[in-house]
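Remarks on the structure that follows.
The residues of the chain are indexed from 1 along the displayed sequence. Since this is a predicted model, take the numbers as computed values, not measurements.
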Amino acid sequence: MIEKFSFGTHVETGAVVAPVKEGECLPYFSGKAEGEGARFSYPLQKGDIVYGLGETMRGINKRGGRYVSFNSDNPRHNDDMPSLYASHNFLLIDGEVRFGAFFDTPARAVFDIDLNGSGKIDVKCERGVTVYIVEGASCNDIARQFLSAIGRSYLPPLWAFGFGQSRWGYKCEKDVIKVADGYEKAGMPLDYICLDIDYMDRYIDFTVNKKRFPDMKGFVQRMKKRGIRLVPIVDAGIKIEPGNAVFDEGVEKGYYCKNLEGKNFSAAVWPGLTHFPDFLKKEARDWFGRQYKFYTDLGFEGFWNDMNEPAIFFSEYSKGKKGSRFSGDPLYKGGAALSDYKSFSHDVDGTEVPHWDVHNIFGAKMTEASSEGLEKLLPTRFLLFSRSSYIGAHRYGGIWTGDNNSSWLMLRRNFTMLPGLNLCGFLYSGADTGGFGGNCSRELLLRWLALSCFTPLMRDHTTIFTRRQECYRYAGKQDFKAVLSFRYRILPYLYSEYMKAAIASDLLFRPLAFAYPTDERAKAVEDELLFGESILIAPVMEKGAKVRKVYLPEDMTEVRWNGKMFTETPVQKGEHFVKVPLNEVVFYIRKGKCVSVSSGGRNTSEVDMKNVTLLGDGKEYTQYLDDGFTRDCTSKNLRVITK
Ligand code: GLC
């Protein structure tokens, strides 16, 4: 059962799409409107676990932390970072009392979850909020109810489940070809290569640098023939450049956010000074979405939206600080001057709304704009993922978790974020495998790939200042080949579980306690997850570890992939010390369940999804089978395969 409770007013976020009835008196939390916002408090019991909050640091259990929903572009990720690029305000409290709570507000919100052992959840919303309370028989039940209220997940095409390579710094055709050749020569699979801002003419959206890519249309086709798609980046700001048709139309039609004087707001991002499209305005969204025709005409079928928190290096108001993004100037908290976010406004159905009050849905609305535009432009499913997001954007695209770094902590956080992201609707997600900032070691990259093989978005991405991070650049290529090839073996299961989760409004990744609620030991596990209906994953996330401790809540089948074959061994419930060499992928299949695997391929189109093998001690598996492109996702595409 879901009920909603309103505290003040706010601009509609569009997160919840199902009709929800208005409740009379907010249960569980004591709460009241306060000033322009509202405050809430919930007394936790000792053993209560708090799940959720999507893209946030710390562990799966959010207790002991303070999290601030205020979308920020700040690459200095560590466990004390209160805000990342997204705001995912859904919590699931699991204890003797169990319920879900979604604080739906487009403005800043602070979640103090038993910080300093206060024993309470304190939530402070700066502006009006609608609180949704979800009650259910189990964590799974609460999750499913919430997910069906916020609507079906975005569905990527099959090729988006392949492996992608990216780097800020591929400057021209030749650079991209070298990467494709590198993978091909090494016999490593690859489905797409991302084009970062260097493909553009002076970092301007909807342009191509003709010197670097003289025939982009032909190039896209040539690469596609090789089985590799190209995925361009699109940034939120439109460069101020009179004479540029897109820019001019935005000015003429009044599609940009307004500054304190009512003129178009100017802020610097990669191309220099830009105007921000007013994504909260329907006509501006439609206009921005239509611009993707530039890319679809060139043959692109996948896109990544960036800088949409929005990132601001400096604005017309934070004068004299030009270029000082990384200077440590107090004005530049989170990469942008916070005051900049108080310097522009939106037009929401004819009413002027300060950006500050709707900050957290800006990126989500950009995703909505591009997704709706692409739906009109393309006949099939497309790849789309964004950096910034809010609940609701999961219906329009996926997300990546921003500028992480090459560290073991980031690998672990990639892992611990997964169930929280799913709880907030984001099935298609992943981190920059290998880390964006910093130099990735061979060991870290291999371990990270072994985790990313299970995440729907699997992309190796790094920044311009780091060592090259393509798998074929590392010593002992055969080890990378072994791990990468696993992704293409597990594809039938990954794809099926994704589609089944989308159809049933269910999770793909869940904490062990969701499936073993009476197992006290399972509740504390932060380094294992259930993946789909059959698999338990327990990746190695520690430097130098050759063995890892695994807790199995029931008898299972251990499956080991060594690059050539699968080995299955029955293992008993309990604790195990498991050897995991760098070139192997190890996972577990639950009792009575099966997993479908393919015979592999160099890209997704080579994978035979029909003739699969079943692993595990179960008898059958329900596979999702379609052409990998068709929009219509239906249970009619499910078929039961037996051993
Ligand atoms: C941002 C993005 C990163 C990208 C870079 C250059 O930092 O998060 O992925 O490579 O901009 O476009």
Side-chain angles (χ1 to χ4, degrees), residues 2-6 10-20 40 50-56 62 67-72 83-93 99-111 123 125-134 142-155 279-280 305 308-309 357-369 371-372 384-402 417-429 456 501-502 505-509:
I2 308 190
E3 283 189 329
K4 65 176 174 185
F5 306 86
S6 301
H10 60 84
V11 166
E12 279 297 323
T13 63
V16 174
V17 287
V20 172
F40 306 89
V50 182
Y51 298 108
L53 288 184
E55 191 178 296
T56 48
K62 306 318 275 189
Y67 312 87
V68 179
S69 284
F70 192 80
N71 299 350
S72 304
S83 315
L84 295 175
Y85 307 83
S87 294
H88 300 150
N89 301 345
F90 178 66
L91 301 172
L92 198 166
I93 294 115
F99 65 97
F102 174 40
F103 294 85
D104 189 17
T105 172
R108 193 168 181 272
V110 181
F111 296 83
V123 184
C125 301
E126 269 196 23
R127 296 289 185 266
V129 56
T130 308
V131 185
Y132 292 81
I133 298 291
V134 191
I142 292 169
R144 277 194 289 262
Q145 285 190 58
F146 181 62
L147 292 174
S148 60
I150 60 173
R152 180 178 285 183
S153 160
Y154 152 78
L155 301 170
F279 293 117
L280 275 82
N305 284 349
N308 50 2
E309 294 68 35
D357 294 357
V358 290
H359 175 71
N360 291 338
I361 57 171
F362 184 85
K365 291 285 170 188
M366 178 188 180
T367 307
E368 183 177 328
S371 187
E372 289 194 328
L384 176 65
F385 56 95
S386 164
R387 194 170 70 176
S388 185
S389 64
Y390 183 85
I391 294 176
H394 70 284
R395 300 192 299 273
Y396 298 99
I399 52 173
W400 96 99
T401 50
M417 271 182 218
L418 292 168
L421 289 170
N422 278 194
L423 273 171
C424 295
F426 293 91
L427 286 183
Y428 192 77
S429 55
S505 296
D506 211 341
L507 304 164
L508 191 53
F509 292 100

Sorted by chain and residue number, the side chain to side chain contact (heavy atoms under 4.5 Å, CB included) partners of Ala15 (sequence neighbours excluded) come out as Thr13, Phe102, Asp104, Tyr390, Ile391

Going by distance alone, is a donor N or O of one side chain under 3.5 Å from an acceptor N or O of the other, for His10 and Thr130?
-> yes

Establish, from distance only, whether the side-chain atoms of Ser69 and Asn89 form a donor-acceptor pair under 3.5 Å.
-> yes

Minimum-distance pair of heavy atoms, taken over all atoms of [X] and [Y]:
| X | Y | answer |
| --- | --- | --- |
| Ser148 | Ala18 | O-CB, 4.3 Å |
| Leu427 | Ala502 | CD1-N, 3.9 Å |
| Phe509 | Pro456 | CE1-CD, 4.1 Å |
| Thr367 | Gly397 | CG2-N, 4.0 Å |
| Met417 | Gly54 | CG-O, 3.8 Å |
| Ala501 | Leu508 | CB-N, 4.5 Å |

Strictly distance-based, threshold 3.5 Å: is any side-chain N or O of [X] a donor or acceptor partner for the main-chain N or O of [Y]?
| X | Y | result |
| --- | --- | --- |
| Tyr67 | Lys62 | yes |
| Asn305 | Leu384 | no |
| Asn308 | Ser388 | yes |
| His394 | Gly151 | yes |
| Tyr132 | Val20 | no |
| Arg395 | Ile150 | yes |
| His88 | Leu421 | no |
| Thr105 | Phe103 | no |

Exceeds 12 heavy-atom contacts within 6.0 angstrom, atom CD of Glu3 | yes

Euclidean distance, [Y] [atom2] relative to [X] [atom1], rounded to 0.5 Å:
| X | Y | atom1 | atom2 | value |
| --- | --- | --- | --- | --- |
| Ser429 | Ile399 | OG | CD1 | 5.5 Å |
| Cys125 | Arg108 | SG | CZ | 11.0 Å |
| Ser386 | Phe426 | OG | CZ | 8.0 Å |
| Tyr51 | Leu91 | OH | CG | 13.0 Å |
| Tyr85 | Ser389 | OH | OG | 12.0 Å |
| Ile142 | Ile133 | CD1 | CD1 | 10.5 Å |

Would you check if Leu423 and Leu507 make a side-chain contact, meaning some heavy-atom pair closer than 4.5 Å?
-> yes

Leu84 side chain near Thr401 side chain, heavy-atom distance below 4.5 Å = no

With under 30° as parallel and over 60° as perpendicular, where do the rings of Phe385 and Tyr428 fit, or are they tilted in between?
-> tilted

Walk me through it: do Thr56 and Phe111 pass the test side chain to side chain contact (heavy atoms under 4.5 Å, CB included)?
-> CA-CA 11 Å; Thr56 48; Phe111 296 83; over 6 Å; no

Please step through side chain to side chain contact (heavy atoms under 4.5 Å, CB included) for the pair Ile361 and Leu280, ending with a clear verdict.
-> CA-CA 8 Å; Ile361 57 171; Leu280 275 82; 3.9 Å; yes

